Enquirer: 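First the structure, then my questions, so here it is.
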Amino acid sequence: MGVLTLACFSSLVGSKSLDFTLKLAKTAADKGHTVNLWLSSNGTMIGKAHQKHLKDYSHAEKPVRELLEKGVQICECEACALARGIQKPEAIEGVQWNAMHWYLAKIYSSDRVLHVGGE
Amino acid sequence: MGVLTLACFSSLVGSKSLDFTLKLAKTAADKGHTVNLWLSSNGTMIGKAHQKHLKDYSHAEKPVRELLEKGVQICECEACALARGIQKPEAIEGVQWNAMHWYLAKIYSSDRVLHVGGE
Amino acid sequence: MKLGVFVNDYKSTVETVERLTAEKLGLIFIQNGVFHAALKENGKPSPLLDKTGNLYALSEDLATRGLTAADVDSRVKVVTYSDVVDLIFNDYEKLAWL
Amino acid sequence: MKLGVFVNDYKSTVETVERLTAEKLGLIFIQNGVFHAALKENGKPSPLLDKTGNLYALSEDLATRGLTAADVDSRVKVVTYSDVVDLIFNDYEKLAWL
Amino acid sequence: MADIKLAFVIQRPPYKSETSTLGFTHAISYQVVEMLLEDGQNVIPTVCLVGEGVLNLIKDQKAMENYGVTSVESHGKNSLLVDLDMLVCKEDMERFGLAEDRLLDAEDMGADKKLQIVPYAEIQKVLEDSNHLLFF
Amino acid sequence: MADIKLAFVIQRPPYKSETSTLGFTHAISYQVVEMLLEDGQNVIPTVCLVGEGVLNLIKDQKAMENYGVTSVESHGKNSLLVDLDMLVCKEDMERFGLAEDRLLDAEDMGADKKLQIVPYAEIQKVLEDSNHLLFF
């Protein structure tokens with residue numbers, strides 16, 4: 001079993017990169033691997049609670065809560081979130097807020113890193 | 001003097017398309033033209049109040065309030081906003097919420113339309 | 001038709017623009033589209049500059065990228081936001097953002 | 001190095017991929033990257049398929065776009081999310097997302 | 001002038017961003033725009049698919065099954081169902097090697113309209129006949 | 001292994017998305033990562049600029065004046081100031097007709113480091129020597 005650190009810089013809605021990242025994280029965790037997930041740029045939109053689930057749009061709140069239950073560590077870039085008007089009390093409980101060095105520190109002890117860039 | 005309807009589907013942060021659209025709207029309004037602005041997709045992030053102004057990121061709250069004062073009508077796509085977890089009470093006062101037909105109706109009585117697409 | 005096209009990107013826009021025709025066509029280079037006006041890739045100016053005689057580049061977007069009027073191909077007119085509003089209302093009836 | 005490249009787009013990725021070399025190179029086509037595995041533009045398969053013998057396409061992303069295994073070039077192996085996790089840990093040491 | 005013609009030009013591939021979906025949904029909204037207009041005022045959209053945009057029309061998309069979101073195909077079918085004219089660029093179909101039977105139709109939903117596969121020159125004509133252009 | 005080497009490959013143009021800025025800021029954060037690591041554990045990033053990514057380095061960017069945001073140039077200069085190795089692809093400079101004197105330096109800020117303009121083959125070597133790759 002290994003350690004996989006994922007990052008995602010793509011927005012939740014529209015782009016499927018974040019959906020891909022969440023599915024890959026779930027599959028790896030289900031197989032017994034340790035998974036970390038760093039969210040930056042428009043990816044920080046994922047951490048906001050109370051996203052209305054409309055059929056036309058991807059919806060991350062449920063998968064994010066599932067990943068947290070599986071022990072996946074999820075952290076979002078504080079500055080990126082604040083710049084988008086997302087405040088800490090609005091975040092999904094269990095999603096960490098920190099700066100970029102969190103990501104580099106997770107990479108340090110990872111076997112594999114998949115950095116999913118932005119739009 | 002004419003009527004210009006603008007739409008912007010690009011996100012506020014990172015992409016400069018929304019900055020461009022706001023500057024163009026301001027310049028046209030200052031010249032005496034009537035301006036309408038429709039926001040959809042990631043562009044709906046613009047309507048959220050309390051965006052922290054960090055130097056690394058574009059900031060729309062001030063220019064949006066200026067445009068509203070100049071009489072520019074601004075409306076955002078309700079579904080796009082809700083899917084991103086933005087609720088109506090969080091919106092900047094004066095920004096309208098409606099569905100896509102608002103945009104088509106504004107186009108109907110416009111001399112010029114500039115549709116700024118998404119990422 | 002009189003068509004003003006806003007070219008906002010460098011690489012991905014060439015194909016669609018190449019196809020468009022209009023009695024009067026204007027290309028307004030903004031954002032990374034201004035690289036079309038200023039860069040000579042492998043020594044050659046962008047093929048878009050041969051498409052029409054009505055070429056404009058937004059000065060603020062040139063400056064934002066560290067480019068100056070001296071970098072701009074002589075066929076391209078450097079314009080301000082105010083000029084762009086006038087182009088929209090006076091010179092073109094239809095607009096496209098590519 | 002053993003490098004697994006996630007190709008997630010159709011048009012914009014070719015240039016960077018063409019340049020990369022590795023002792024063992026794998027191309028994993030996901031999202032709109034799966035069009036590389038399934039479309040023959042002007043009758044020709046994507047040039048990326050000549051780059052290496054290790055070619056994979058994610059079945060869910062093919063199906064999402066209305067493509068089936070029958071559309072996929074015979075050199076490309078159709079894989080699941082679970083297969084992708086195994087490729088990451090067993091076959092490649094470094095990963096790139098392009 | 002009572003009728004305003006709009007060209008909705010969809011030129012991006014599906015699922016890369018939500019742009020192509022929004023192209024369809026914005027066009028479809030012409031159906032309810034009369035609420036905001038005077039009697040006799042009409043908005044008439046034509047949807048044109050060019051370049052990678054034609055890839056939105058491949059049928060049997062499993063987006064709901066795999067990602068829990070409405071497929072772009074559904075939005076395309078809904079567009080036919082509300083009687084929108086949808087023009088598909090013939091040259092781009094050929095370039096991507098897509099036969100007509102790979103593309104969606106909305107017969108099963110009772111739509112009368114069908115996709116119209118036409119040379120690019122006809123799409124150019126739509127652009128010229130339209131009052132405004134919206135590139136998605 | 002005490003040192004982990006990371007290649008930050010910036011390949012997108014400036015201001016299209018925030019991607020290139022975030023490439024620099026993520027690399028710069030190596031400076032404070034020791035807070036979260038044990039003694040003797042180090043993260044060593046190298047920033048590589050390839051393709052349209054080299055356009056991020058053109059000097060005299062007026063982003064703050066025109067749009068009120070920190071320029072990508074500033075982030076590039078900060079990267080030199082914190083002693084990051086920054087490799088710029090020579091072939092891409094030539095392709096875009098950019099002479100070396102058009103690119104930023106951080107001498108005015110007292111940086112010892114300079115941009116290193118190198119053939120692509122040297123960037124390929126960095127990719128091979130790194131433990132992980134991050135493409136921005």
Side-chain angles (χ1 to χ4, degrees), chain A residues 1-43 55-59 63 66-67 70-72 103-104 106-119, chain D residues 1-17 19-20 22 24-38 54 56-67 77-98:
Chain A
M1 294 300 102
V3 180
L4 172 66
T5 293
L6 297 165
C8 187
F9 286 56
S10 284
S11 64
L12 170 63
V13 179
S15 161
K16 287 280 164 293
S17 295
L18 193 43
D19 301 75
F20 172 85
T21 309
L22 295 174
K23 281 212 179 200
L24 188 67
K26 181 177 182 298
T27 310
D30 284 344
K31 290 192 144 207
H33 300 292
T34 301
V35 181
N36 306 304
L37 174 58
W38 168 248
L39 298 162
S40 184
S41 187
N42 281 337
K55 266 203 331 263
D56 277 10
Y57 299 90
S58 298
H59 183 66
E66 279 172 8
L67 289 178
K70 286 179 200 295
V72 173
Y103 177 40
L104 297 199
K106 289 297 179 201
I107 289 177
Y108 186 89
S109 35
S110 294
D111 301 301
R112 298 289 183 273
V113 175
L114 179 58
H115 177 93
V116 175
E119 279 101 341
Chain D
M1 63 179 161
K2 296 181 182 174
L3 176 63
V5 177
F6 287 79
V7 178
N8 79 93
D9 204 355
Y10 182 40
K11 285 292 174 192
S12 63
T13 38
V14 175
E15 193 182 307
T16 316
V17 179
R19 247 180 179 182
L20 286 171
K24 180 174 179 181
L25 180 70
L27 297 183
I28 304 159
F29 296 111
I30 55 161
Q31 299 187 39
N32 284 337
V34 300
F35 288 123
H36 284 294
N54 307 304
Y56 318 91
L58 184 61
S59 60
E60 293 196 22
D61 286 350
L62 286 163
T64 295
R65 286 156 186 78
L67 303 169
K77 197 174 164 201
V78 176
V79 293
T80 63
Y81 271 97
S82 177
D83 297 330
V84 172
V85 170
D86 292 343
L87 286 170
I88 286 175
F89 280 104
N90 304 337
D91 291 63
Y92 300 99
E93 293 159 354
K94 299 181 208 175
L95 307 167
W97 174 276
L98 293 176

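Atoms considered below: every heavy atom in the structure, side chains included; atoms not considered: hydrogens, waters and symmetry mates. A note on names: the letters A, B, ... follow the listed sequences, proteins ahead of strands, and every chain is numbered from 1. For clarity, every value in this text was computed on a predicted model and none was experimentally measured.
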Enquirer: Looking only at non-hydrogen atoms, find the nearest pair between A:K31 and D:V85 and report the distance.
Expert: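 Distance-wise, the nearest heavy atoms are CD-CG1, 3.8 Å.
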Enquirer: Could you report the tightest heavy-atom contact between A:D111 and D:F89, atom names first, then the distance?
Expert: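 Scanning both residues completely, I find the closest heavy atoms to be CB-CE2, 4.4 Å.
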Enquirer: Measure D:F6 against the heavy atoms of chain A and call it side chain, backbone, both or neither at under 4.5 Å.
Expert: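 Looking at D:F6, just its side chain touches chain A.
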Enquirer: State the OG1-CG distance between D:T64 and A:D19, to the nearest 0.5 angstrom.
Expert: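 Rounded to the nearest 0.5 Å, the OG1-CG separation comes to 9.5 Å.
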Enquirer: On a heavy-atom basis, which atom in A:K23 and which in D:E60 lie closest, and how many Å separate them?
Expert: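 Scanning both residues completely, I find the closest heavy atoms to be NZ-OE1, 2.8 Å.
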Enquirer: Report the distance from atom CZ of A:R112 to atom NZ of D:K94, rounding to the nearest 0.5 Å.
Expert: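 A:R112 atom CZ to D:K94 atom NZ measures 11.0 Å (nearest 0.5 Å).
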Enquirer: Taking atom NZ of A:K70 as the centre, report whether more than 12 heavy atoms of other residues, nucleotides or ligands fall under 6.0 Å from it.
Expert: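 More than 12 heavy atoms, drawn from other residues, nucleotides or ligands, come within 6.0 Å of this atom.
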Enquirer: Near A:E66 CD, under 6.0 Å, is it more than 12 heavy atoms from other residues, nucleotides or ligands?
Expert: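 More than 12 heavy atoms, drawn from other residues, nucleotides or ligands, come within 6.0 Å of this atom.
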Enquirer: So for D:L98, is it side chain, backbone, both, or neither that comes closer than 4.5 Å to the heavy atoms of chain A?
Expert: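 Neither part.
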Enquirer: Any heavy-atom pair between the side chains of A:T27 and D:V84 that's under 4.5 Å?
Expert: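 No, side chains not in contact.
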Enquirer: Of all heavy-atom pairs between A:F20 and D:L58, which one has the smallest distance, and what is that distance?
Expert: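 Heavy-atom minimum between the residues: CE1-CD2, 3.9 Å.
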Enquirer: Measuring from atom NZ of A:K16 to atom CG of D:N32, what distance do you get when rounded to the nearest 0.5 angstrom?
Expert: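 It comes to 10.5 Å.
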Enquirer: Please report the shortest heavy-atom distance between D:W97 and A:S17, naming the atom on each side.
Expert: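 Heavy atoms of D:W97 and A:S17 come nearest at CZ2-OG, 3.6 Å.
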Enquirer: Can you tell me which portion of D:I30 sits under 4.5 Å from chain A's heavy atoms? Options are side chain, backbone, both or neither.
Expert: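 The side chain, not the backbone.
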Enquirer: Relative to chain D, which segment of A:V116 carries a heavy atom at a distance below 4.5 Å: side chain, backbone, both, or neither?
Expert: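 Looking at A:V116, backbone and side chain both touch chain D.
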Enquirer: Do other residues, nucleotides or ligands put more than 12 heavy atoms under 6.0 Å from the NZ atom of D:K2?
Expert: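 Counting neighbours around NZ of D:K2, 12 or fewer heavy atoms of other residues, nucleotides or ligands fall under 6.0 Å, so no.
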Enquirer: Against chain D, label A:V3 side chain, backbone, both or neither, depending on which of its atoms sit under 4.5 Å from a heavy atom there.
Expert: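 Only the backbone of A:V3 comes within 4.5 Å of chain D.
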